[in-house]
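Every chain is numbered from 1 and lettered A, B, ... according to where its sequence line falls, protein lines coming before strand lines. Just so it is clear, the model here is predicted, and its values are computed rather than measured.
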Amino acid sequence: MINVIFFASLREALGTAAIQWPAGAVDIHTLTGQLCAQGEPWASALARHDLLCARNQQLCDRTESVQDGDEIAFFPPVTGG
Amino acid sequence: MTPLTRIAVQNEDFSLADEYERLQNQAECGAIVSFSGRVRDLATTPLLHMTLEHYPGMTEKALADIVQQARTRWPLGMITVIHRVGKLAVNEQIVLVLVSSAHRQAAFNACEFIMDFLKSRAPFWKKETTTEGTHWVEAKASDEAAVKRW
């Protein structure tokens, strides 16, 4: 399984902070497509072009591969400081 | 021995004096630069408070990575980065960066470098509560531009 987690405005738009998702997507781009295929609110929320992602707590891009047991996070641009 | 890097993400407030004291143990570092950020009220409607969310685990790692990058660029002594999360009122402290070095220019540059990268790479998100409701703060293009100059 893949632990997929969401933060801030994305978490609120989806109404969930984390889901367990079956392994199988080759990369984050494919995983995003699988999540969007669930329909709304996933398709709209994950279509935001500026969303960032991280694999096992390291920022990465959508071509990053995904493996069973990974923690994949999606979140909006950061606003700390 | 006091660790060279101290990183903390916490709900509690911090004391600049206490943190500064900790950096004074290195005789060879004659320069200490500090930056502290506070909650400001720039909202068009009066700001009641701010709530800061973070990504436990990744946030600390991201801050440690930024500090490590700074250490590869300048000769630095001790570095402290403290960022608060949770509910913060206007004028409360949010962030503190302290950098010591033998050279003031290295300390100034590293402090700016760490703040620039913290603002656009470390996973924190601000939500403002004003008299008219709540909204997430949007990221600014100028913050991303600040990173590009390094």
Side-chain angles (χ1 to χ4, degrees), chain A residues 1-21 25 27-29 31-32 35 40-81, chain B residues 9 35-40 42 50-66 69 81-86 88 93-97 111-128 134-147:
Chain A
M1 298 295 276
I2 300 163
N3 187 29
V4 191
I5 56 181
F6 313 99
F7 290 94
S9 56
L10 179 62
R11 172 176 50 75
E12 290 186 348
L14 293 174
T16 184
I19 57 167
Q20 292 291 310
W21 192 258
D27 57 19
I28 293 180
H29 181 73
L31 173 66
T32 309
L35 293 170
E40 296 301 343
W42 298 87
S44 299
L46 290 172
R48 240 184 99 167
H49 73 282
D50 60 352
L51 285 186
L52 302 175
C53 55
R55 178 186 179 211
N56 297 328
Q57 305 191 350
Q58 289 278 349
L59 277 177
C60 63
D61 58 39
R62 303 297 176 101
T63 58
E64 182 80 11
S65 64
V66 176
Q67 288 178 5
D68 197 8
D70 276 354
E71 176 176 291
I72 305 293
F74 292 93
F75 44 81
V78 303
T79 54
Chain B
V9 179
F35 172 83
S36 54
R38 310 174 81 91
V39 178
R40 59 186 178 177
L42 290 182
M50 190 169 262
T51 308
L52 269 126
E53 178 173 334
H54 76 301
Y55 180 171
M58 180 173 168
T59 303
E60 292 83 351
K61 283 183 199 169
L63 294 174
D65 282 353
I66 293 166
Q69 286 177 51
V81 180
I82 301 176
H83 203 298
R84 293 179 67 196
V85 292
L88 298 174
Q93 302 187 111
I94 301 183
V95 61
L96 176 70
V97 177
C111 191
E112 275 203 272
F113 175 93
I114 290 168
M115 271 311 299
D116 282 349
F117 278 80
L118 181 156
K119 284 187 83 78
S120 65
R121 297 288 186 273
F124 292 100
W125 300 273
K126 289 191 184 108
K127 189 184 207 178
E128 290 181 343
T134 64
H135 65 273
W136 291 95
V137 173
E138 292 290 322
K140 293 199 289 284
S142 58
D143 287 338
E144 188 57 33
V147 159

To the nearest 0.5 Å, how far apart are NZ in B/Lys61 and CG in A/Leu59?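 Result: 12.0 Å between the selected atoms.
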Could you look at A/Ile5 and say if it's the side chain, the backbone, both or neither that has a heavy atom under 4.5 Å from chain B?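 When you check distances to chain B, only side chain atoms of A/Ile5 fall under 4.5 Å.
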Given heavy-atom pairs under 4.5 angstrom as the criterion, report whether the side chain, backbone, both or neither of A/Ala8 touches chain B.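 The answer is both parts of A/Ala8.
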For a quick test of reading the model, state the closest non-hydrogen atom pair linking [X] to [Y] and the distance between them.
| X | Y | value |
| --- | --- | --- |
| B/Trp125 | A/Pro76 | NE1-O, 2.9 Å |
| A/Val78 | B/Ala139 | O-CB, 3.9 Å |
| B/Val137 | A/Thr79 | O-CG2, 3.3 Å |

Counting heavy-atom pairs under 4.5 Å with chain A, which one of B/Tyr55, B/Phe124, B/Phe35 comes out on top?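 When all of B/Tyr55, B/Phe124, B/Phe35 are compared, B/Tyr55 has the most.
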Minimum side-chain heavy-atom gap B/Met58-A/Phe7 below 4.5 Å: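 No, their side chains stay 4.5 Å or more apart.
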Which region of [X], side chain (C-beta onward) or backbone (N, CA, C, O), has a non-hydrogen atom less than 4.5 Å from a non-hydrogen atom of chain A, or is it both or neither?
| X | answer |
| --- | --- |
| B/Arg84 | neither |
| B/Lys127 | side chain |
| B/Lys126 | both |

Looking at A/Glu12, A/Gln58, A/Glu71, which makes the most heavy-atom pairs under 4.5 Å with chain B?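 Ranked by heavy-atom pairs under 4.5 Å with chain B, first place is A/Glu12.
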